[in-house]
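I have placed the structure first, in the form of structure tokens, so that the comments after it can refer back to it.
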Amino acid sequence: MVKAVVLGASGGIGQPLSLLCKISTLIDDLALFDVVNTPGVAADLSHISSKAKIEGFVAAKGDFKGETEETETAKKNALSGADIVIIPAGVPRKPGMTRDDLFNINAGIVKGLVEACAKYCPKAAILVISNPVNSTVPIAAEVMKKAGVFDPKKLFGVTTLDVVRAETFIQDISGERNTDKVVVPVIGGHSGATIVPLFSQAKPSVNIPSDKLDALVHRVQFGGDEVVKAKDGAGSATLSMAYAGFRFAESVIKAMKGEKGIVEPTFVYLPGVPGGEEIQKATGVDYFSVPCELGPSGVEKATNILGSANDDEKKLIDECIKGLKTNIESGVTFATK
Ligand code: APR
């Protein structure tokens, strides 16, 4: 029996993500938590004739900071018995908001929610979607460490949207429409120049004309801007993010259930996962997204594919590491101050 929980289930990402979880044949129990509207979202989804039993839990009215006993009980009821917790809670970046504004709000939200996970489902796999992932994952790790329940093999920063974009955009060049056959490893972090698609490692291999390569890399790194612009003030990437979050969650669940050979890039705490120390030495950072083999207890092996990058990609990796260092430090400082 698998229990999945979505924290931030009423949002732009949370609702389609919850819909996908509701129709997944891999999930038996689904709990939704948000500070608003979860009873409505859960009631709506509960009419879908699929396997998962669904329940919605909401914070006390107006308790956005999770300070009341009623909110605590809702979190406890949602999280108890969870095998996997997916966190898209937070605020998306709105016009006029700086990255720091976004960081401060989402950092606090993730900290509070992971504190609840540490209390009520310390053994669950935790999948962080809330941005900036490069900082919110270190925050989650520090919270779990402080509570004495940190299992690095079960904490994942979801970077799958970068992989999905790379796999999609490369089709324009390769013409291969069967996406099951297309694999592009994307490594590093999950924002702008910290995202490094390794097109030289694409399978099947693709010959990308050099005059098109820079634009392709840029499109993967800043794909979110394309969506924000097209939505013209009405939001950011929510549907594709929900798909990507769900795809990663299904991989984690399949591996939990014993399926072999599942490999997905994800942003992990390197010193705590098998194979991670070598990558930590090579990069000088504690967190990095690399293809990870998943198993019943989470990450079974992080694969060091940095050495296979070509010279252009190595330059991108150097750039990525500079940005990542600062992002990781901000997260650790926020959580430990
Ligand atoms: N606990 C639970 N849910 C919360 C909390 C909290 N403490 N704070 C906010 N939320 C909920 C909101 O009520 C809302 O329903 O999180 C949801 C966020 O939804 P949106 O505002 O629509 O934002 P969305 O586009 O889904 O993005 C959420 O994911 O990719 C990231 O950058 C994005 O960090 C942002 C997050």
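We count residues from 1, following the sequence as given. Whatever order the structure lists them in is the order used to number ligands and atoms, beginning at 1.
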- Between Gly12 and ligand 1, does any nitrogen or oxygen pair lie at a separation below 3.5 Å?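 Between Gly12 and ligand 1, an N or O pair is found under 3.5 Å apart.
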
- Message: Between ligand 1 and Leu7, is the shortest N or O to N or O distance under 3.5 Å?
- Response: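 No, there is no polar N/O contact under 3.5 Å.
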
Could you see which bit of [X] sits under 4.0 Å from ligand 1, with heavy atoms only: side chain, backbone, both or neither?
X	value
Val91	backbone
Ile13	both
Asn106	side chain
Ala89	both

- Message: Parallel, tilted or perpendicular: which one describes the rings of Tyr269 and Tyr287, with boundaries at 30° and 60°?
- Response: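 Tyr269 and Tyr287: tilted rings.
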
Can you tell me which residue and heavy atom of the protein come closest to [atom], and the distance to 0.1 Å?
atom	result
atom 13 (O) of ligand 1	Asp34 OD1, 2.6 Å
atom 33 (C) of ligand 1	Asn131 ND2, 4.0 Å
atom 18 (C) of ligand 1	Gly90 O, 3.0 Å
atom 6 (C) of ligand 1	Val35 CG1, 3.7 Å

- With a 4.0 Å cut-off on heavy atoms, is Gly66 touching ligand 1?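 Checking ligand 1 against Gly66, which is what was asked, there is no heavy-atom contact under 4.0 Å.
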
Counting from 1, what ligand 1 atoms have a heavy atom of [X] closer than 4.0 Å?
X	value
Phe33	1 (N), 2 (C)
Val36	13 (O)
Leu113	1 (N)
Pro92	20 (P), 21 (O), 23 (O), 25 (O)
Pro88	28 (C), 29 (O), 36 (C)
Thr238	25 (O)

- Task: Using distance alone, with no hydrogens and no angle criterion, decide if Lys22 and Ser50 have a side-chain donor and acceptor under 3.5 Å apart.
- Result: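 Result is yes, a qualifying pair exists.
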
- For atom 8 (N) of ligand 1, which of Ile109, Val158, Ile129 has the closest heavy atom?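 Nearest option to atom 8 (N) of ligand 1, by heavy atoms: Ile109.
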
- When rounded to the nearest 0.5 angstrom, what is the spacing between OG1 in Thr194 and CZ in Phe288?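 One gets 9.0 Å once the value is rounded to the nearest 0.5 Å.
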
